[in-house]
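A short write-up of the structure that comes next.
Note that the structure is predicted; figures quoted are calculated from it, not measured. For ligands, and for the atoms within them, numbers begin at 1 and follow the listed sequence.
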Amino acid sequence: MAAIAAGEKGAKVLLIEKGDKLGRKLAISGGGRCNVTNNLPIDEIIKHIPGNGRFLYSAFSVFNNQDIIAFFENLGVALKEEDHGRMFPASNQSASVVNAMIDQLSRYRVKVMQNTAVKDVMYKDGHVHSVILKDGQEFESDAVIIAVGGKSVPRTGSTGDGYAWAQKAGHTITDLYPTEVPLTSDEPFIRTKTLQGLSLRDVELSVVNPKGKTIIAHRMDMIFTHFGISGPAVLRCSQFVVKELKKGKQKNVTMKIDHFPDINQEQLFQLFIKKIKEDPKKAIKNIFKGLMPERYLQFLFKKAEMDENEQGASLSHDKLRTFAGLCKGFTFTVNGSLSIEKAFVTGGGVSVKEIQPKEMGSKLMQGLYFCGEILDIHGYTGGYNITSALVTGRLAGVNAAAYSRNLK
Ligand SMILES: Cc1cc2nc3c(=O)[nH]c(=O)nc-3n(C[C@H](O)[C@H](O)[C@H](O)COP(=O)(O)OP(=O)(O)OC[C@H]3O[C@@H](n4cnc5c(N)ncnc54)[C@H](O)[C@@H]3O)c2cc1C
């Protein structure tokens, strides 16, 4: 996006890509269909970028999610909206998005070098001087845009190479950590794989602090795995768990699952009473069937020390209240996450305090620009990271072109 924007503004652009393909990570986003952006209002988009989303307000006043949509539609890539505002190509093929961008590169005569890794960025007297390739070649340039991504999923090419180049220019790299990442747990029910493979739909998953206060809650689907938990609700909660653990005060973080987020515990209890009254002689496993997945029901019965074959009529109200409590708030602990390499997104990066918010230029080095995941900006999956990358990319490209033009 940065190269397209710079080319569109008339700059002579060289795009250097380490891999044999452009846009490899973009192509695998959104389950391989390319989640180009999100159609929610700007305030909502910012809310879904918990890692410095507010920094993007000024950038969005220049180029935002609606501009991304218009950009692709002008290129003939029809888009469609799915749940939670997520925008995808109508073709369901990430290739339509990536190829349309590659076509724009040729339209603006951007020279592309693939299978070419940058080794270093050189600076001289407070401004950028050149880019050095792994094979030793050097390209001098008035402006350099660093768009090398974070450290997650390195097989796509993002191996964290850019942080050292930013540091060399005097930039602060805030702590790097995995976000949008599955969580690990050593709870006995995870170790014994009791719930492995079980998905819970539309539950409210919370991260709870040591005082019992909810830090964050997300209502989405989740899944139990052989190492812990995963799925959309878990990915969204993950950065809050990682941050709690990073404080170093606790080895475990408590999480809570509310399987009935639309009603309170008393209403749930009354619902159970009503169900029992309808068929008091039936075994409770049959009375409560259909209220939640069978494996989860059996699991919570065990937790509440209830015999699934017991008749509804003989169940004490105390037991039923305990059961309703578990349905509303089954708590368990997690003790970590998968690695930053296995995370969908890298948290932390080049400090946004040192970046001009409307231009993406470095405040410390003339002619140096940053965009995308290398910046200390991270959002939830759902098109928010890509929105941030495309918006900051557009600004970096336009302003790098203007900077080099003004020097001439
Ligand atoms: C599986 C998966 C699914 C995702 N799904 C979503 C989603 O649904 N919604 C969402 O918003 N986000 C999603 N993301 C995150 C999103 O894809 C990234 O935030 C976004 O692609 C970042 O863009 P970027 O251009 O900054 O970096 P990248 O896309 O990582 O691109 C960086 C490029 O720089 C190249 N490069 C790196 N080092 C060098 C070097 N030394 N020399 C030359 N080139 C180099 C790399 O090869 C790469 O092509 C997902 C990520 C993954 C891994």
Closest heavy-atom contact between [X] and [Y]?
X      : Y      : value
Leu268 : Ala324 : CD2-O, 3.7 Å
His259 : Leu291 : CE1-O, 3.7 Å
Met1   : Leu390 : CG-O, 3.3 Å
Ser185 : Thr333 : OG-O, 2.8 Å

Just to be sure I'm reading this right: ignoring hydrogens, which of [options] gets closest to [atom]? Compare them by their nearest heavy atoms.
atom                    : options                        : answer
atom 16 (C) of ligand 1 : Ile386, Thr156, Asn115, Asp120 : Ile386
atom 14 (N) of ligand 1 : Gly393, Gly372, Ser29          : Ser29
atom 38 (N) of ligand 1 : Ile49, Leu26, Asp161           : Asp161
atom 47 (O) of ligand 1 : Glu17, Lys18, Arg86, Met1      : Glu17
atom 7 (C) of ligand 1  : Ser152, Ala27, Gly382          : Gly382

Discussion item. Asn65 vs Thr37, test: side-chain hydrogen bond (donor to acceptor under 3.5 Å, both in side chains). Steps then yes/no.
Written reply: CA-CA 6 Å; Asn65 54 334; Thr37 189; 5.2 Å; no
Compute the ring centroids of [X] and [Y], then answer whether they are less than 6.0 Å apart.
X      : Y      : answer
Phe269 : Phe323 : no
His171 : Tyr163 : no
Phe301 : Tyr296 : no

Check each atom of ligand 1 against the heavy atoms of [X] and keep those under 4.0 Å away; list them by number with element.
X      : answer
Asn35  : 7 (C), 8 (O), 9 (N)
Gly30  : 5 (N), 6 (C), 7 (C), 8 (O)
Ala117 : 42 (N)
Glu373 : 18 (C), 19 (O), 20 (C), 22 (C), 26 (O)
Thr116 : 43 (C)
Tyr384 : 11 (O)
Ile16  : 43 (C), 44 (N)
Ile28  : 1 (C), 3 (C)

Nearest neighbour in protein (non-hydrogen) for [atom]:
atom                    : result
atom 27 (O) of ligand 1 : Gly149 CA, 3.3 Å
atom 42 (N) of ligand 1 : Val118 N, 2.9 Å
atom 9 (N) of ligand 1  : Gly383 N, 2.9 Å
atom 31 (O) of ligand 1 : Ala147 O, 4.3 Å
atom 29 (O) of ligand 1 : Lys25 CB, 3.5 Å
atom 34 (O) of ligand 1 : Val148 CA, 3.5 Å
atom 53 (C) of ligand 1 : Val153 CG2, 3.3 Å
atom 51 (C) of ligand 1 : Phe344 O, 3.4 Å

Discussion item. Below 3.5 Å, N or O to N or O, backbone or side chain included: is there any such pair between Ala343 and ligand 1?
Written reply: no
Worksheet item: Does an N or O from Lys21, backbone or side chain, lie closer than 3.5 Å to an N or O of ligand 1?
Response: no
Practice prompt. Please test Gln137 against Asp135 for side-chain hydrogen bond (donor to acceptor under 3.5 Å, both in side chains), starting from the C-alpha separation and ending with a verdict.
Written response: CA-CA 6 Å; Gln137 274 190 85; Asp135 68 7; 3.3 Å; yes
Worksheet item: Hey, does Asn38 sit under 4.0 Å from ligand 1 if you only count heavy atoms?
Response: no
Practice prompt. Answer yes or no for Phe370: is there a heavy-atom contact with ligand 1 below 4.0 Å?
Written response: no
Item to complete: Taking Ser337 for its side chain and Leu183 for its backbone only, find out whether a donor-acceptor pair lies under 3.5 Å.
Response: no
Response to the item:
Any heavy atom of Phe88 under 4.0 Å from ligand 1? The part involved is neither
With a cut-off of 3.5 Å and sequence neighbours excluded, list every side-chain donor-acceptor pair involving residues 112-119.
{"unit_1": "Gln114", "atom_1": "NE2", "unit_2": "Asp20", "atom_2": "O", "d": "2.9"}
{"unit_1": "Thr116", "atom_1": "OG1", "unit_2": "Gln114", "atom_2": "O", "d": "2.6"}

Practice prompt. Let me see the working for Asn92 and Arg33 under side-chain hydrogen bond (donor to acceptor under 3.5 Å, both in side chains), right down to the final yes or no.
Written response: CA-CA 5 Å; Asn92 281 329; Arg33 292 186 301 135; 2.7 Å; yes
Worksheet item: Using the ring of each side chain (for Trp, its six-membered ring), is Tyr380 parallel, tilted or perpendicular to His218, with breaks at 30° and 60°?
Response: perpendicular
Discussion item. Check whether Phe240 forms a cation-pi arrangement with Lys243 (NZ or CZ under 6.0 Å from the six-membered ring centre, at most 45° off the ring normal).
Written reply: yes
Discussion item. Run the side-chain hydrogen bond (donor to acceptor under 3.5 Å, both in side chains) test on His378 and Tyr384 for me, step by step, so that the C-alpha distance in whole Å, both residues' side-chain angles and the decisive distance to 0.1 Å come before the verdict.
Written reply: CA-CA 8 Å; His378 61 88; Tyr384 305 102; over 6 Å; no
